[in-house]
Each structure stands twice: as structure tokens, then as C-alpha cells.
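Below: the structure, in C-alpha cells.
Remember, predicted model here, so these are calculated numbers, not experimental data. So you know, we letter chains A, B, ... as the sequences are listed, proteins then strands, and number each from 1.
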Amino acid sequence: MMETKKKGLLLTITGPTASGKTALAVEIAKELQTAIISCDSRQVYREMCIGTAVPEAEFLDAVKHHFIQTTSIQEPINANDFGLSVRDKLDELFQEHNTVVMVGGSGLYIDSVLKGIDDIPSPDPNVRCEIQRKIDEGRIDELRAELFRVDPIYYNSIDIQNPRRVLRGLEVYETTGVPLSSYLGNKQNRDFASAMIVLELDRGKLYSKINQRVDHMMEQGLIKEAESVYEHRNLTSLQTVGYQELFEYFDGTINLNEAIEKIKNNTRQYARKQETWFRRYDEAFRISALEKSRIMKLIKEICWK
RNA sequence: GGUGCCAUAGCUCAGUAGGUAGAGCACAGGACUGAAAAUCCUGGUGUCCUUGGUUCGAUCCCGAGUGGCACCA
């Protein structure tokens with residue numbers, strides 16, 4: 001069989017939040033003299049910096065980073081937009097580099113870049129609002145029945161308990177007149193090679209790093225940052241750990257200590273969900289986040305291939 | 001010192017007309033192709049404070065002890 005010519009290698013570094021991805025990626029990118037693509041659904045927003053743990057200035061200065069603070073919370077992006085933009089950017093970067101480093105913990109965004117995503121027309125936002133209204137009114141059964149009628153294939157493929165999935169199927173059908181399932185299976189495979197490293201850290205260590213990091217964010221002025229975006233609290237991009245809890249504090253429903261504890265709890269849960277997601281990447285190299293020299297050795301082996 | 005109330009899951013608490021227990025949170029596992037730091041599903045946590053008594057049987061009733069809280073001195 002003829003192997004299609006690959007443009008270059010995308011080396012993805014992932015792992016749960018606070019596992020040390022950022023610093024490691026910078027070190028690797030320096031070693032390989034290449035650029036970094038951030039794969040983080042929240043660091044793309046300019047208005048959120050402290051709470052999303054955007055890399056420190058010294059890191060950003062040392063290596064060219066892409067997709068960090070490039071858009072506004074008022075112009076939200078989604079997994080599809082992200083995947084397409086990254087692929088465009090990679091075309092450009094592979095002209096100059098054999099290897100590019102991608103680092104981040106947003107699983108769906110990683111998939112969008114590596115596996116691609118089917119081309120589905122963007123639904124009408126008003127349609128979404130209308131369907132959401134019905135969900136809020138408790139009419140989910142009605143919506144499920146409707147979805148079953150218009151798109152039984154999709155209906156049978158999703159978690160029908162999850163209103164988001166039901167909504168998704170209906171919003172596509174209602175705006176395009178065509179079932180969502182008919183758009184599936186035509187995605188564009190990537191034209192570059194891929195290798196992935198998943199950083200691992202035992203729960204105890206991970207949780208204490210998370211706690212420390214939250215305390216550090218508070219010292220850096222997370223409250224002030226949250227205040228500055230409070231008026232936009234309903235935007236999708238602000239459905240984010242570290243902000244929603246402080247908004248509750250601003251509202252007076254909880255006190256500051258409770259808010260901080262909640263941020264820590266929710267960050268822990270986020271880390272756990274990330275780990276669940278990463279277990280699906282069975283082609284990935286899994287390695288302890290603490291063994292830096294082993295990681296660097298592994299990188300060299302991967303890149304020599 | 002006296003009186004009253006309380007003691008049940010890691011935490012906050014519910015409960016059993018006496019048949020060894022349950023919610024929320026925490027914790028753990030899972031799903032996930034355009035909101036993904038989102039959304040959804042699943043799971044169990046236990047000397048029911050100690051000790052004597054009543055009873056076929058006590059976490060529950062009675063006595064004593066210990067600890068906590070409140071009030072009175």
C-alpha cells in the first residue's frame with residue numbers, strides 16, 4: 001500500500017489540569033526549535049487569563065504560542081472552528097518545521113484536530129434558544145419523540161438522557177431540514193503524522209497541586225478578573241471553573257471561603273473527567289509527569305522515527 | 001454544680017410505630033462529533049458514641065457513662 005505523504009509530525013502533550021503540561025511543552029518546543037499550539041477551550045479568550053492558567057510571560061516569550069488569547073468571550077469559538085483553524089495553522093507551520101507541539105487538556109478539541117469533525121452547517125441560534133426553552137419547561141419527552149421521528153439513526157446513537165444531545169440533533173434538523181446523521185461519516189482525515197503523550201500523576205499529588213494552584217490564582221487577583229467579566233456571566237465561555245463560583249460569591253449566595261473550596265472541588269472533578277477522556281487514547285504514550293528526563297528521551301525517540 | 005437538647009457515611013443531616021439504614025456534598029467509574037472547564041449516566045461508603053438492661057431481636061425503648069451545645073447558677 002502506498003503511504004500518503006505526511007507533511008509533518010504533530011506532537012500532542014496532554015494530561016489533566018495542573019499536571020505540568022505547559023512548562024514541559026515549552027521545554028520540548030525549545031529543544032525541537034518549533035512552535036506551540038495551545039489546545040485549550042478557555043485560554044483562547046482574551047478576557048480570561050488568571051483563571052485559565054495562561055502560560056507565564058517567560059514561557060510565551062521563549063516559544064511562539066498559537067491560539068492563546070486570540071478571541072473575545074463575545075465571539076465564542078467551538079470545537080469545529082478550533083479544529084479547522086488549527087489545521088490551517090499547521091499547514092503554515094509545517095512549511096518551516098518538521099514537528100509542531102500541541103499542548104492542552106480539552107479532549108474534544110484534541111479530537112477535532114487529530115480526527116477531524118464532520119462538516120455540519122451551523123444551526124440558527126434562535127432555534128437553539130427555542131429548543132432550550134422547551135427543555136427548561138420540562139418538555140424533554142416531547143423533544144425526544146420529535147428527534148426519534150426526524151432522525152432515528154442519531155436518536156439511537158446518543159445518550160438520550162442528555163438534553164444537550166437531543167437539542168443538538170433537533171437544532172441541526174430544524175435549521176437544515178436534513179437529519180444530523182446524514183452529515184456524519186464524511187470528515188477529512190488529517191494529512192500529518194501524530195504522536196501523543198499523556199502525562200500521569202497520582203491523584204494525591206495532582207489534587208494537592210490543584211489546591212495550590214487555586215490559592216495561587218487567588219493571590220494573582222482572580223477576584224478582580226472575575227469582577228471584570230461578571231456582566232457577561234451567562235456567556236458560554238464563562239461557564240468555567242473559577243468564575244462561576246466567584247459569581248456566586250458576588251451574588252452573596254456563598255462566602256469567599258466556600259467559593260474557593262468549590263473552585264478546588266470543581267477543578268478536581270474536571271481533572272478526573274479529563275483522565276477518563278484520555279484513557280480512550282490507546283495509541284498514546286503514558287508517562288509520569290515527574291520523570292522529565294525519561295520524557296525528553298521518549299520525545300527524541302519519537303522524532304527520530 | 002443544675003436543667004434541657006444532641007451523638008447515624010469523610011462532612012451536613014434525615015430515618016427506623018423495635019426486624020443492622022438513607023439524602024445532598026465529597027469520593028470513585030463511565031459516556032460524550034459544533035456549549036466540552038459544558039452536559040449526562042452509574043456506584044458504594046457505616047462498630048448507627050460506649051456500656052448494662054428489657055426483648056426472639058435494640059441504632060431506635062430504659063439506666064449509667066463519655067463527649068458536644070444551650071440555658072440557669
Given the [atom1] atoms of [N] and [M], what is the spacing between them in whole Å?
| N | M | atom1 | result |
| --- | --- | --- | --- |
| A9(B) | U50(B) | P | 11 Å |
| C27(B) | C62(B) | P | 40 Å |
| C60(B) | C49(B) | C1' | 15 Å |
| C5(B) | A23(B) | C1' | 24 Å |
| A58(B) | C69(B) | C1' | 27 Å |
| U3(B) | G46(B) | P | 39 Å |
| A37(B) | G43(B) | C1' | 24 Å |
| C40(B) | U33(B) | C1' | 16 Å |

### Query
Roughly how far apart are L184(A) CG and I117(A) CD1, rounded to 0.5 Å?
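One gets 10.0 Å once the value is rounded to the nearest 0.5 Å.
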Using both distances under 3.5 Å as the test, list the Watson-Crick or G-U wobble partner of [N], or none.
| N | answer |
| --- | --- |
| G57(B) | none |
| A14(B) | none |
| A64(B) | U50(B) |
| C27(B) | G43(B) |
| A35(B) | none |
| C71(B) | G2(B) |

## Note on the structure
Protein heavy-atom contacts under 4.0 Å, written 5' to 3' over nucleotides 37-43 of chain B as B (base), S (sugar-phosphate only) or - (none), form the string BBBBS--
Between [atom2] on [N] and [atom1] on [X], what's the gap in Å once rounded to a whole number?
| X | N | atom1 | atom2 | value |
| --- | --- | --- | --- | --- |
| Q244(A) | A35(B) | CD | P | 17 Å |
| N80(A) | A36(B) | CG | C1' | 14 Å |
| I158(A) | C32(B) | CD1 | P | 12 Å |
| I77(A) | G34(B) | CD1 | C1' | 10 Å |
| E171(A) | G34(B) | CD | C1' | 8 Å |
| Y281(A) | C32(B) | OH | C1' | 11 Å |
| L167(A) | U33(B) | CG | C1' | 15 Å |
| N156(A) | A31(B) | CG | C1' | 16 Å |

Please write out the pairs of protein N or O atoms and N or O atoms of nucleotides 25-28 of chain B separated by less than 3.5 Å, giving the distance to one decimal.
residue: A26(B); atom: OP1; partner: Q269(A); partner atom: NE2; Å: 2.9
residue: C27(B); atom: OP1; partner: R268(A); partner atom: NH1; Å: 2.7
residue: A28(B); atom: OP1; partner: R203(A); partner atom: NH1; Å: 3.0
residue: A28(B); atom: OP1; partner: Y207(A); partner atom: OH; Å: 3.0
residue: A28(B); atom: OP2; partner: Y207(A); partner atom: OH; Å: 2.8
residue: A28(B); atom: OP2; partner: R272(A); partner atom: NE; Å: 2.5
residue: A28(B); atom: N7; partner: R272(A); partner atom: NH1; Å: 3.0

Classify the side-chain pair [X]/[Y] by whether it contains a donor and acceptor separated by less than 3.5 Å.
| X | Y | answer |
| --- | --- | --- |
| E258(A) | Y249(A) | no |
| T17(A) | R213(A) | yes |
| Q132(A) | D136(A) | yes |

### Task
Indicate, with a heavy-atom threshold strictly under 4.0 Å, whether E275(A) touches base, sugar-phosphate, or nothing.
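No contact.
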### Query
Contact class for N186(A) vs. all strands (heavy atom < 4.0 Å): base, sugar-phosphate, or nothing?
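Touches nothing.
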### Which atom of R87(A) lies closest to which atom of Q188(A), heavy atoms considered
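Closest approach of R87(A) to Q188(A): NH1-O, 2.8 Å.
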### Message
Give me the atom names and distance for the closest heavy-atom approach of E225(A) to G51(A).
### Response
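Smallest heavy-atom distance, with atoms named: OE2-N, 3.1 Å.
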Aromatic rings [X] and [Y]: how do their planes relate, parallel, tilted or perpendicular, breaks at 30° and 60°?
| X | Y | result |
| --- | --- | --- |
| F82(A) | Y109(A) | tilted |
| F278(A) | Y281(A) | parallel |
| F94(A) | F192(A) | tilted |

### Query
Is there a donor-acceptor pair closer than 3.5 Å between any side-chain N or O of T34(A) and the backbone N or O of T99(A)?
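Confirmed, T34(A) side chain pairs with T99(A) backbone.
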### Task
Classify the side chain of K187(A) versus the base of U33(B) as yes if they form a donor-acceptor pair under 3.5 Å and no if they do not.
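Such a pair is found, so the answer is yes.
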### Query
Is there a donor N/O on one and an acceptor N/O on the other, under 3.5 Å, for the side chain of D118(A) and the base of U33(B)?
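Answer yes: a donor N or O sits under 3.5 Å from an acceptor.
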### Task
Determine if the base of G34(B) is syn or anti; take syn to mean the glycosidic torsion is within 90° of 0.
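Syn, angle within 90° of zero.
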### Query
Are more than 12 heavy atoms from other residues, nucleotides or ligands located less than 6.0 Å from atom CG of N98(A)?
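Result for CG/N98(A): open.
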